[in-house]
Undergrad: 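Can you keep this structure in mind? I'll have questions shortly.
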Amino acid sequence: MQINDKSQTIEYLASPKRYNIMTYKRTGKSGVLLPAISLGLWHNFGFVDNIQNAREVLRCAFNLGITHFDLANNYGPPYGSAEENFGTILKQDFKSYRDELFIASKAGFDMWPGPYGNWGSRKYLMASLDQSLKRMGLDYVDVFYHHRPDPNTPLEETMGALTDIVRQGKALYVAISNYQPEETKRAAQLLKASNTPFILHQARYSMFDRWIENGLLDTLEDNGIGCITFSPLAQGMLTDRYLNGIPKDSRAAKNLTYLDKETVESNIKKIKSLNEVAQKRDQKLSQMAIAWILRHPQVASVLIGASSSSQLQENVKALDNLSFTDEELKLIDGIVQ
């Protein structure tokens with residue numbers, strides 16, 4: 001810290017009790033255990049955000065036993081800034097804890113102009129990871145994802161690039177995201193043939209978005225691959241945020257994300273009914289939504305975003321009640337379907 005630093009930031013020492021708090025789940029048939037709740041840096045960690053707040057959230061996460069931090073090349077905004085801020089905080093606070101962390105990055109969506117800054121070519125994936133490592137100040141990531149299927153690049157090329165990334169020591173494991181069941185099965189076959197450690201599929205999943213139940217979970221089970229889910233709270237609908245209408249400062253009111261007023265209004269009856277179920281379980285709706293996902297044996301972890309330490313702590317309390325009765329599950333199905 002510089003002598004003229006006015007932030008009053010105290011040197012970080014991780015809580016000695018951090019591994020007594022979190023539940024850890026095996027990732028497929030690999031040797032990797034992930035925290036049941038992981039922290040995603042899609043929002044709240046870019047240059048447009050307060051880096052001191054981001055630092056506090058990351059510290060809080062690790063103190064809670066969250067060892068898995070999930071990033072991608074274009075997280076921000078602007079693109080790359082989440083990784084750069086994370087690298088700054090990593091150097092300040094977590095350098096001595098590097099071997100306790102499981103850090104992810106991804107490439108697959110647009111990152112830079114031109115034909116080599118998007119999708120799934122060998123050129124793009126390798127260049128992107130090199131940039132990500134430089135931004136974060138790392139020699140390697142623990143897992144590197146292809147972020148989405150590329151309909152025009154042969155899957156052999158994309159999976160071959162992931163294989164060579166592991167062989168070069170730039171990633172310990174590889175993963176995919178947003179792939180359909182058949183694409184996942186084919187990717188698994190290619191990676192198995194090259195002895196590449198393929199351990200995770202990251203997919204959007206919530207009570208309101210259940211597509212992975214139509215074959216993907218079975219495919220992952222058959223191939224020994226773990227699932228890590230994102231958007232567990234359906235862009236905030238599965239919280240108490242909208243129980244009394246649409247707040248003016250909410251995502252839905254601003255129409256700046258994937259959530260709009262019409263979507264919230266069409267689901268408000270379901271949200272209120274689900275909240276009643278959560279209350280009977282002595283949980284907040286957000287906590288029940290996370291626990292509901294974790295009931296699947298294939299799910300190794302649930303990715304959550306957090307804009308504050310208090311929000312993160314609240315969501316981790318989902319682990320206090322992970323059990324569901326058959327009656328509760330039937331009731332939830334009846335509400336959302």
Side-chain angles (χ1 to χ4, degrees), residues 1-19 21-22 35 37-106 111 131-139 141-142 230-233 235-236 239 241 247-251 254 256-257 286 290 301-318:
M1 185 184 300
Q2 295 181 1
I3 195 168
N4 61 348
D5 189 339
K6 309 297 183 184
S7 67
Q8 304 294 316
T9 302
I10 300 172
E11 182 181 356
Y12 175 62
L13 291 175
S15 169
K17 298 180 180 179
R18 59 191 178 277
Y19 294 116
I21 299 169
M22 181 55 57
I37 293 176
S38 299
L39 182 63
L41 280 70
W42 183 16
H43 300 297
N44 307 310
F45 292 86
F47 289 164
V48 299
D49 302 295
N50 184 310
I51 192 170
Q52 189 59 31
N53 181 67
R55 190 177 185 184
E56 291 172 2
V57 170
L58 286 167
R59 286 180 168 193
C60 176
F62 192 52
N63 283 340
L64 291 169
I66 295 176
T67 53
H68 181 33
F69 298 144
D70 180 83
L71 298 105
N73 56 359
N74 61 356
Y75 287 178
Y79 288 173
S81 60
E83 288 185 329
E84 191 166 333
N85 278 343
F86 177 74
T88 297
I89 297 167
L90 184 71
K91 183 178 180 181
Q92 291 172 335
D93 291 343
F94 296 102
K95 189 174 182 179
S96 63
Y97 302 107
R98 172 63 183 100
D99 291 336
E100 296 183 46
L101 300 178
F102 201 83
I103 300 169
S105 190
K106 315 180 197 72
M111 182 59 191
Q131 292 179 18
S132 292
L133 292 175
K134 185 176 181 180
R135 282 191 291 267
M136 293 188 284
L138 294 172
D139 296 323
V141 291
D142 296 283
F230 66 92
S231 293
L233 307 182
Q235 295 290 312
T239 69
R241 183 76 160 142
K248 292 182 179 179
D249 63 344
S250 66
R251 291 182 182 182
K254 295 177 182 178
L256 296 177
T257 64
S286 57
I290 292 169
S301 187
V302 173
L303 272 174
I304 62 171
S307 59
S308 66
S309 297
S310 59
Q311 184 183 38
L312 186 64
Q313 290 168 333
E314 180 179 291
N315 285 334
V316 169
K317 289 180 181 178

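Note that the numbering runs from 1 along the sequence shown for the chain.
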Undergrad: Residues in side chain to side chain donor-acceptor pair (under 3.5 Å) with Asn73, at least two apart?
TA: Tyr124, Ser128

Undergrad: Looking at every heavy atom in both Ser308 and Asn53, which two are closest together, and how far apart are they?
TA: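 Closest approach of Ser308 to Asn53, heavy atoms only: CA-OD1, 4.4 Å.
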
Undergrad: Quick one, Ile290 and Leu233 - any side-chain contact, counting heavy atoms below 4.5 Å?
TA: yes

Undergrad: Can you list the residues that meet the side-chain contact (heavy atoms from CB on, under 4.5 Å) rule with Pro77, with sequence neighbours excluded?
TA: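 Result, side-chain contact (heavy atoms from CB on, under 4.5 Å) vs Pro77: Val48.
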
Undergrad: Looking at every heavy atom in both Phe45 and Ala306, which two are closest together, and how far apart are they?
TA: CE1-O, 4.2 Å

Undergrad: Between Asp142 and Ala104, is there a donor-acceptor pair closer than 3.5 Å when you use the side chain of the first and the backbone of the second?
TA: no

Undergrad: Mind checking whether Ile103 and Phe94 have side chains closer than 4.5 Å, heavy atoms only?
TA: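 Contact flag for Ile103/Phe94 side chains = no.
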
Undergrad: Measure the spacing between CH2 of Trp42 and OG of Ser231 and express it to the nearest 0.5 Å.
TA: 5.5 Å

Undergrad: Do you know the tightest heavy-atom contact between Leu64 and Gln313?
TA: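 Shortest heavy-atom separation between Leu64 and Gln313 comes out as CD1-CG, 4.1 Å.
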
Undergrad: Would you call Thr88 and Arg55 a side-chain contact if the rule is heavy atoms closer than 4.5 Å?
TA: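 No - every pair of side-chain heavy atoms lies 4.5 Å or more apart.
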
Undergrad: Could you tell me whether the side chain of Val141 reaches within less than 4.5 Å of the side chain of Met136, counting heavy atoms only?
TA: yes

Undergrad: Might you point out which heavy atoms bring Lys91 and Lys95 nearest each other, and give the distance in Å?
TA: O-CB, 4.0 Å

Undergrad: Work out which heavy atom in Leu39 is nearest to a heavy atom in Ala61; give both atom names and the distance.
TA: CD2-CB, 4.1 Å

Undergrad: Please identify each residue that fulfils side-chain contact (heavy atoms from CB on, under 4.5 Å) with Glu100, with sequence neighbours left out.
TA: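 Listed in chain order: Arg18, Tyr19, Phe62, Tyr97.
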
Undergrad: Any non-hydrogen side-chain atom of Ile89 less than 4.5 Å from a side-chain atom of Arg59?
TA: no

Undergrad: Is there a side-chain contact between Lys106 and Asp70 (heavy atoms, below 4.5 Å)?
TA: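 Yes - at least one pair of side-chain heavy atoms lies under 4.5 Å apart.
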
Undergrad: Once you round to the nearest 0.5 Å, how far does CG of Asn85 lie from CG of Leu90?
TA: 12.0 Å

Undergrad: To the closest 0.5 Å, what do you measure between CD1 (Ile304) and CG (Asn315)?
TA: 4.5 Å

Undergrad: What distance do Thr239 atom OG1 and Gln311 atom CD have between them, rounded to the nearest 0.5 Å?
TA: 9.0 Å

Undergrad: Which residues satisfy the ring pair (Phe, Tyr, Trp, His ring centres under 6.0 Å) test with Tyr79, sequence neighbours excluded?
TA: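 Here no residue qualifies.
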
Undergrad: Would you please name every residue forming a ring pair (Phe, Tyr, Trp, His ring centres under 6.0 Å) with Phe230, sequence neighbours left out?
TA: none

Undergrad: If you round to the nearest 0.5 Å, how far is CD1 of Ile66 from CE of Met22?
TA: 4.5 Å

Undergrad: Can any side-chain N or O of Asn74 pair as donor or acceptor with the backbone N or O of Met111 at less than 3.5 Å?
TA: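 A pair under 3.5 Å: no.
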
Undergrad: Are the side chains of Cys60 and Leu312 in contact, using a 4.5 Å heavy-atom criterion?
TA: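 SC-SC contact between Leu312 and Cys60 confirmed.
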
Undergrad: Could you go through the side-chain hydrogen bond (donor to acceptor under 3.5 Å, both in side chains) check for Ser309 and Glu56 one step at a time?
TA: CA-CA 7 Å; Ser309 297; Glu56 291 172 2; 5.1 Å; no

Undergrad: Which is it for Leu41 and Glu83 under the side-chain contact (heavy atoms from CB on, under 4.5 Å) test, yes or no, and what are the steps along the way?
TA: CA-CA 8 Å; Leu41 280 70; Glu83 288 185 329; over 6 Å; no

Undergrad: Verify side-chain contact (heavy atoms from CB on, under 4.5 Å) between Glu314 and Ser310, making sure each step is shown before the conclusion.
TA: CA-CA 6 Å; Glu314 180 179 291; Ser310 59; over 6 Å; no

Undergrad: So, using salt bridge (Lys or Arg N to Asp or Glu O under 4.0 Å) as the criterion, who are the partners of Asp49 when residues are at least two apart?
TA: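 Partners of Asp49 by the salt bridge (Lys or Arg N to Asp or Glu O under 4.0 Å) criterion come out as none, since no residue qualifies.
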
Undergrad: Taking His68 for its side chain and Phe102 for its backbone only, find out whether a donor-acceptor pair lies under 3.5 Å.
TA: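 At least one qualifying donor-acceptor pair exists.
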
Undergrad: Search all heavy atoms of Thr67 against all heavy atoms of Pro35 and return the closest pair with its distance.
TA: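 In this case the closest contact between Thr67 and Pro35 is OG1-CD, 3.3 Å.
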
Undergrad: Do Tyr12 and Asn63 have a side chain donor and acceptor closer than 3.5 Å?
TA: yes

Undergrad: Once you round to the nearest 0.5 Å, how far does CG of Asn50 lie from OG of Ser307?
TA: 11.5 Å

